[in-house]
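Numbering starts at 1 and runs along the sequence shown. Counting starts at 1 for both ligands and their atoms, following the listed order.
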Amino acid sequence: MSARVVWFLGSDSDLPHVEAGFEQLKAMDVPFDVRILSAHRTPDEVGEVARGAREAGVEVIIGCAGGAAHLAGVLAAATTLPVIGVPIPTSFGGGMDSLLSMVQMPSGIPVATVAANKACGKNAALLAVRIMAVADERLAQALDDHKASMRKAVLARDAAVAEKYGLDRA
Ligand code: RP5
């Protein structure tokens, strides 16, 4: 099946930060592609792939970059598909540099930017699924199931802490 979501990574050094997002899409049975293409080092390829994405059946684009993180903005300039930005944590600015480079888009070219933290890949994937779930009942159900499993996990931890410390909640 052709990709419904395409991840663009400015470098393969970004992979460890977003791989949890790939797993999230796999868990929800969403076909995706991952391209290592840079706004600065391969601008022609970034534009070409982004311009052809809608016709190729892509529904959401995710742009991941660190530092001078212009990739998501360049993607949003080249397509009218929804673009999610993932600011990659860096050694210089801790990811604040990436976040500010990515989030301050000019009027008319929106990028939905997630946090520059360890949840960035997973939350980008879930936001992509939420966008697609507007018109996809199966994905809406997958999101409901995901929410229910998070609730169950938190309640189990809540019960475990009570057990561990002998807390009386009567
Ligand atoms: C950005 O520069 C990439 O997205 C990456 O986060 C950062 C460093 O890239 P490499 O020098 O590791 O290729 O464009």
Side-chain angles (χ1 to χ4, degrees), residues 1-134 136 139 142-143 146 150:
M1 198 177 171
S2 65
R4 295 180 70 179
V5 176
V6 177
W7 300 75
F8 287 75
L9 277 58
S11 170
D12 57 357
S13 64
D14 299 330
L15 276 167
H17 297 282
V18 295
E19 277 169 333
F22 305 166
E23 295 305 324
Q24 186 62 58
L25 291 184
K26 271 191 192 172
M28 292 182 163
D29 215 11
V30 174
F32 63 90
D33 194 3
V34 180
R35 302 298 306 262
I36 308 292
L37 290 173
S38 158
H40 307 117
R41 296 161 175 161
T42 58
D44 294 344
E45 289 78 4
V46 165
E48 191 185 320
V49 179
R51 278 191 296 275
R54 184 184 288 279
E55 209 179 310
V58 176
E59 293 166 67
V60 182
I61 285 177
I62 302 177
C64 315
H70 303 135
L71 181 56
V74 167
L75 289 164
T79 180
T80 53
L81 289 172
V83 174
I84 299 170
V86 179
I88 300 294
T90 63
S91 53
F92 174 72
M96 185 63 89
D97 43 355
S98 319
L99 176 69
L100 293 178
S101 298
M102 192 169 277
V103 80
Q104 293 284 27
M105 290 300 294
S107 173
I109 311 289
V111 170
T113 304
V114 298
N117 61 16
K118 65 180 184 178
C120 64
K122 188 168 181 172
N123 275 353
L126 286 168
L127 182 52
V129 174
R130 284 183 179 215
I131 291 167
M132 294 185 292
V134 169
D136 185 325
L139 289 182
L143 288 168
H146 178 254
M150 282 194 297

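Within ligand 1, counting atoms from 1 as listed, the ones closer than 4.0 Å to a heavy atom of S13 are 9 (O), 10 (P), 12 (O). Of all atoms in ligand 1, listed by their number and element, those nearer than 4.0 Å to a heavy atom of A65 are 4 (O). Close approach to R41 involves these atoms of ligand 1, each under 4.0 Å from a residue heavy atom: 9 (O), 10 (P), 11 (O), 13 (O).
Looking at S11 against ligand 1, both its backbone and its side chain come within 4.0 Å, counting heavy atoms. When non-hydrogen atoms are compared, ligand 1 lies under 4.0 Å from neither the backbone nor the side chain of H40.
Under the 4.5 Å side-chain criterion, counting only non-hydrogen atoms from C-beta, Q24 is not in contact with N123. At least one side-chain heavy atom of I131 sits under 4.5 Å from a side-chain heavy atom of I84. Between P87 and V114 there is a side-chain heavy-atom pair separated by less than 4.5 Å.
Residue, atom and distance of the protein heavy atom nearest to atom 3 (C) of ligand 1 are D14 OD2, 3.5 Å. Among all non-hydrogen protein atoms, the one lying nearest atom 14 (O) of ligand 1 is G66 O, 4.1 Å.
D97 contributes a side-chain N or O that, together with a main-chain N or O of G95, makes up a donor-acceptor pair within less than 3.5 Å. The backbone N or O of G85 lies less than 3.5 Å from no partner atom in the side chain of T113, so there is not a single donor-acceptor pair.
A donor atom on one side chain and an acceptor atom on the other are found under 3.5 Å apart for T80 and R54.
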